[in-house]
Amino acid sequence: ACMVTAAHAADMTVGFSQIGSESGWRAAETSVTRSEAAKRGITLKFADAQQKQENQIKAIRSFVAQGVDAILLAPVVATGWESVLKEAREAEIPVVLLDRTIDADKSLYLTAVTSDTVHEGRVAGEWLAGTVGDKPCRVVELQGTVGSSPAINRKKGFDEIVAKHDNITVVRSQTGDFTRTKGKEVMESFLKAEDGGRSICALYAHNDDMAVGAIQAIKEAGLKPGSDILVVSIDAVPDIFMAMANGEANATVELTPNMAGPAFEALVAFKETGKEPPKWIQTESRLYTRDDDPRRVYEEKKGMGY
Amino acid sequence: MMPGTATRALAGALPRFSVLALILLASWLAFPGYFDVTVNDGRLYGSLIDVLNRGAPVAILAIGMTLVIATGGVDLSVGAVMAVSGAVAATLIADGQPLAVALAAALGAGVLCGLWNGILVAVLDIQPIVATLILMVTGRGIAQLVTEGAIVTFVDESLIFIGSGAVAGMPMPVVIAAVLAAAAVLLVRRTALGMFIEAIGVNRRASVQAGLNVRVVLIAVYVASGFCAALAGVIVAADIRGADANNAGLWLELDAILAVVLGGASLLGGRFSILMSIVGALIIQAMNTGILISGFPPEFNLILKAAIVVVILVLQSPQAGRIAAAIAARTGITRRR
Amino acid sequence: MTTRIPDAGMLNARPFNVRLFNAGTLPLVATLAIFALAYAVCVVQFPAMLSTRVAANLLTDNAFLGIVAVGMTFVILSGGIDLSVGSVIAFTGVLLAVLIGRAGVHPLVAFALALAVATAGGAVMGAMIHHLEMPPFIVTLAGMFLARGMAFVLTTDSLPVEHAFYATLQQLYWRLPGGGRLTLIAGVMVAVTVAGIILAHRTRFGANVYALGGNRTSAALMGVPVGATTIAVYALSGFTAGLAGIVFSLYTSAGYPLAAVGVELDAIAAVVIGGTLLTGGAGFVAGTFVGVLMQGLIQTYIVFDGTLSSWWTKIVIGALLFGFIVQQRALVWLSARRPSAGSAT
Amino acid sequence: MAHPSPLLEARGLGKSFLGQTALDGVDFTLRAGEVHALLGENGAGKSTLVKVLTGVHRRDAGTILMDGAEVAPHDTAGAQALGIGTVYQEVNLLPNLSVAENIFLGRQPRRFGLVDRRAMERNTRTLLAGYGLAIDVAAPLGRFSVAVQQIVAIARAVDLSGRVLILDEPTASLDRQEVETLFAVVRRLKARGLGIIFITHFLDQVFALADRVTVLRNGRRIDTVAVADTDPMAIVQMMLGRDLEEVESGPGRPAAAAGAAPAIAFEGYGRRRSVEPFDLAIRPGEVIGIAGLLGSGRTETARLLFGLDAADSGTVRIDGRSVRIASPRHAVALGFGYCPEDRKTDGIVGDLSVRENIVLALQARRGWLRPLSRAEQAELADRFVAALDIRTTDIEKPVKLLSGGNQQKAVLARWLATEPRFLILDEPTRGIDVGAHAEIIRLINRLCDGGMSLVVISSEFDELVVCSSRIVVLRDRRHVGELAGGALTATAIMRTIAAGGADDRTEAA
Ligand SMILES: Nc1ncnc2c1ncn2[C@@H]1O[C@H](COP(=O)(O)OP(=O)(O)OP(=O)(O)O)[C@@H](O)[C@H]1O
Ligand SMILES: Nc1ncnc2c1ncn2[C@@H]1O[C@H](COP(=O)(O)OP(=O)(O)OP(=O)(O)O)[C@@H](O)[C@H]1O
Ligand SMILES: [Mg+2]
Ligand SMILES: [Mg+2]
């Protein structure tokens, strides 16, 4: 209830503090955000923080200094935003969080458009549990960057499900830094350690890129990914659908790059009618398997800037 | 080689090889199957092979980096250059260009980057670390510009072969690294280049006064470094069948420098040995593979790394050398240096 | 014969090549001039950048970098390098979060502890460098791994710090006309810089540091305590890194093991941009300060522009850096041309 | 010396480097109030003895006593604490620090705990004034010539030394005036009861200053004698272990070459703020000496001739063709060579072996694609090690480990190896012992007979007179005169310098 004049979307300037461009998914999110803004005639001020929280804080500060109408923030980490967000509030600039919530007083932001990363882990886990039934299954896990919240939560969610099924055990878990190269390298060592991979029944990767790398490692070890070793991962980037189409991957959980759409909806509504949106707008974490015509999805997603 | 240098070289090689051996041994204790090497559809297969294969890119970087460091400089841009060349190769191949064109363009890009660095350092007289820092930042940007931040995947078998193919069972990257190393050693030791590089690194003023063409030599080493980085970039891209401009070669410049320093070269310039630098690269990779195979939770990776590096430090320190020499002397083994 | 001795004195009395400013301070002057110019250009393009807000933010947002860069300046002046600082910042932050959040220690006590740990760590590295005669690069790289590794062991997740004392410290700022706020941490940064300047140019320790960077053996032959100075230098760097860690944790009121990745490079860049020679022995703490602001300015400029994609951001940063360095070189070169010996290369 | 209570005493000092013995049971005593000259060939162990006495090198054997009590300084700081001030052979100061900081490093005057620059610089100025040096003490030391640096080093050591002053070849590149000044200072200290150890290769200086002489050969002490009871020949005999066959003295080079046409001609050659335009025509086989006081522009003239500093006026013609010398590379390609004044910073490439240092210039001229084979390099190196009598265990030894004089020889060898047609030598015999000195002069004479032309810069006017066929005299960076034939005498040079200055004395003040 802090706005005085109801602005129109058309003449709205929104600052967007993006983490960086560390992955294909991130690039997609950025380009979708741009197009969503363009669709609504919103002028978007974009700031790439090169993975550094301090840069994001700088960005928000200078957005405030420039007096934008609203700020989109994709926080690199959950903590440490109070003071800067207070400044934004004092300047009466609403802030919307994208793809990650923060542990701070909820009054500091208008709403958060995110998926539930723990839930993503659960979905992946449930799929695996459902697929293997009560056959014993030794799982290897490719974690994301140590300390990053998606890595922590996706592990948490998956482990919850695994705990419920005694036949499923995570035998090895290493970080692949969310990248293909490391995913492949780590998978190679997994295969060596688990007598050539014959004793591995499934791979759970915290993102598709690592899975794609691992798939190649599995093939080079002379095994068939997707059948000898089940592959389930998260993000739903185009390349994993290609892999599914080739029968080399089994399932992925979508993390939509379109967080900005709902965010802008909420902002515009708020500016025009002053009605507060819910504090959390959760995006769907949809499960894709080979039955979802991966080739079609691949074609759809190819153009989205992944 | 004259006896003097021969023994000196040996004295330098011993601690490094023993360190490598020690790490391999430790990994073997952590994982009994470590030394098993089998043949898997025409490719050698085993942890040792992984060490060579995964170590190849850093080893290639280290070759160029060795020359740069020997002149008293440093090249921070190699990681970014890897990203650039990978991106160029991938996008061209994805556009259906022939391998030759893609390779030429990618390596050409690397050479250009090297040229740029070289001119900044040798002509504009900018401190190497800043000069190359510029390209370290810009280069990754350029790479992402080429790929528009996406991972450009390709299916061209000929390019993929460079990354994951094998010749006589040996993974392609290993073969390439070996050939390049041999070529580099011949180039610097069978010509006067090596001596010029070392002279410049030790005393640039004296080298100028002795009539060396210091500028040209400096530019040449940065070009060499750029070329090596480009080659490494192509290999890494080919290995994952895609150019990841965002992460390719990220922080590898540090590994490359570490490899050279582990190889016994001084960051202040001067004496260098390409082979020792490569051993340095293998030490680093053996360490990484060992950590992966050991099955420790990832939170401990860095601590393990730190511990190992400290051990290496102590083993390689001149102090340790002296003590070893003393013991050797006491046990009657005289080692002239 | 003896009659001509004063004559010889006269000969030498001819002040050897006369110049505007002494070649030593020249890079500093150049750096300052160019920073001023750059800021002016920014203001012309975005008048909003003239506000006290932006100026104050420049200090606040770069406080931790500025502090750590001061320590780095000493290390580089002594002819060394310290890659561990970024990780030490992260470790300190996490340590504070754990001490205050979990162990319920009072922040001030936690600060003291953190500083002690960081300083000791630096001293240990210095000792290894001196006694094991190993290159600073590897030793501090090991330190870098260790510090971040410890941070991970303490916590992989990011820990918020909720403490009344923190809140009060964060509320400590002096509101400037025009909405700018000169925060506590900005003050700390300025203070550290001033202290650094005095330490470098007005104490025996400072002179010894320059001596070390000039030539280790000569320094030893002149009776400089090489070992003690080396250890002290890295301890100092550890201390500033710890202080920067405290500032960073005040800045974000949290501890995060992945924080401050790559800050060591930013710090080194700031030092070198500030006109300090990486080979050691020549440079200025004041220059480092400007170097830090310069980097901050580039960031701010990019954000104000707001049209750049992720990749163009990187390219433009590089381009600006390049332009800056080249101008600096040009200035130095133009007025540093000397007819005599020494300028051989 | 009525009261022979040894101030500093060394018993049975031994030191060896990696198998090579540098000191072998050396006994040495220094009395209060005496000047004790330490003589020996290059590589005899003089500097090593000094470094062992001052704790720079750990000694392998022996004891050091001061006032009869055993002392063990384990570094220079320790020695300084004992009141021992030292000027090591290579000027070991810090070029990046100001002159004042160099002199007061570690003992800067302080106010309120902070270094008091003003006081420091004031003291420095007064200190240097005592040596007839009035330079900008706030400027970095590296900006000054070796000679200036040497004086600064001496001033620092003298100021430090409460009891003992050690000077390792302090006069190497000083001219008469500085030497005189230095001697005056030393005599003052001696009167104050200090003990002074004085290393030099100039016997006349020994006889002018020293009370006793200790001669080393191959790390062993040959004998210690009172100067009064000996003569130069005897000392040389002790140093070399043989008699020195005299070099033909008197105006060395016959002016005979004067007839031939100049092979290399510099006309109106000069550089603003450095050296005023001058003409210099060099005939084959001619040796041209360049004389002048410190800072008179000799080194800068040399740098100009060799293309190290670009000339901004004038032309060069070689065999009638006019050429451009824009860099040392051009100069080397034209068959020029240049032995710099400061071997440490401009000459040797310390970490490289003696072999590599000797072949460097030749290889540079051949280019990197036409490498000399290992065998050729070794052959070359061995030849010059023999010809110049470079004392080294083997040609693969890093040159920085050689003794000062032998490093100097290595740099000389580097240029002789290129068989230059025109060689510029700036203080070529700096730190070279009498025996080698004679050898080198003989060698140079031979080369000149073979048609090589030479420019020699030396503060040793007598040396210049001996070996040159013409002498160009510099003053205030101007060529103020040229002497030839019968006019070639040290006094004539002095006179020319004085006269040359006469007209612009006011400007100089
Ligand atoms: N650090 C070192 N390592 C190895 N050998 C050394 C070292 N220092 C000196 N030497 C050797 O010890 C011997 C004596 O050297 P020293 O410098 O004492 O000779 P010097 O009498 O000073 O000769 P000069 O008159 O040329 O200065 C030389 O053969 C030299 O090669
Ligand atoms: N009086 C002086 N003040 C400052 N610098 C000096 C002075 N004299 C000499 N220099 C420095 O020494 C270098 C050599 O100078 P110059 O060639 O005039 O000396 P020189 O005539 O060769 O005598 P010397 O070499 O013994 O100093 C000069 O380029 C300058 O850097
Ligand atoms: Mg000596
Ligand atoms: Mg001179």
F152(C): partners by ring pair (Phe, Tyr, Trp, His ring centres under 6.0 Å), with sequence neighbours left out: none
Go through the structure and list residues passing ring pair (Phe, Tyr, Trp, His ring centres under 6.0 Å) with Y256(C), not counting sequence neighbours. none
Just verifying a value: how many Å separate [X] [atom1] and [Y] [atom2], rounded to the nearest 0.5 Å?
| X | Y | atom1 | atom2 | value |
| --- | --- | --- | --- | --- |
| L258(B) | L141(C) | CG | CG | 5.5 Å |
| S317(B) | I138(C) | OG | CD1 | 11.0 Å |
| I273(C) | L133(B) | CD1 | CG | 7.5 Å |

With chain B, the option among L146(C), I81(C), L277(C) that has the most non-hydrogen atom pairs under 4.5 Å is L277(C)
Considering only heavy atoms, which portion of [X] lies under 4.5 Å from any heavy atom of chain B: side chain, backbone, both, or neither?
| X | answer |
| --- | --- |
| V139(C) | both |
| L278(C) | both |
| R148(C) | both |

In sequence, state the C-alpha distance, the side-chain angles, and the governing distance for L254(B) and F137(C), and then conclude on side chain to side chain contact (heavy atoms under 4.5 Å, CB included). CA-CA 10 Å; L254(B) 280 187; F137(C) 184 90; 3.9 Å; yes
If you count every heavy atom of other residues, nucleotides or ligands that lies below 6.0 Å from M287(B) atom CE, does the total exceed 12?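 Yes, the 6.0 Å shell around CE holds more than 12 heavy atoms from other groups.
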For side chain to side chain contact (heavy atoms under 4.5 Å, CB included), just list the numbers for W311(C) and R140(B), CA-CA rounded to whole Å, side-chain angles, deciding distance to a tenth of an Å, and then say yes or no. CA-CA 8 Å; W311(C) 25 102; R140(B) 198 159 291 281; over 6 Å; no
Please classify the contact between L120(B) and chain C as side chain, backbone, both or neither, with a heavy-atom cut-off of under 4.5 Å. side chain
I129(B) versus chain C, heavy atoms under 4.5 Å apart: side chain, backbone, both or neither? side chain
Contact summary for V310(B) and A142(C), nearest pair of heavy atoms: CG2-CB, 4.2 Å
I'd like to know if the side chain of R329(C) reaches the main chain of I126(B), judged simply by a donor and an acceptor atom lying under 3.5 Å from each other, with no hydrogens or angles considered. no
Ignoring hydrogens and angles, tell me if any N or O in the side chain of Q127(B) forms a donor-acceptor pair with the backbone of T276(C) under 3.5 Å.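 Yes; at least one donor-acceptor contact below 3.5 Å.
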Within the 4.5 Å heavy-atom criterion, are M144(C) and L302(B) side-chain neighbours or not?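 Result no, sub-4.5 Å side-chain heavy-atom pair not found.
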Name, in order of residue number, those residues of residues 71-85 of chain B that have a heavy atom at a distance of less than 4.5 Å from a heavy atom in chain C; otherwise write 'none'. L76(B)
Using a 4.5 Å heavy-atom cutoff, which residues in residues 261-270 of chain B come close to chain C?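 Against chain C, the residues of residues 261-270 of chain B that fall inside the cut-off (heavy atoms, under 4.5 Å) are V261(B), L262(B), L267(B).
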Start with the C-alpha distance between F145(C) and I303(B), add both sets of side-chain angles, then the distance that settles side chain to side chain contact (heavy atoms under 4.5 Å, CB included), and finish with yes or no. CA-CA 6 Å; F145(C) 293 153; I303(B) 291 197; over 6 Å; no
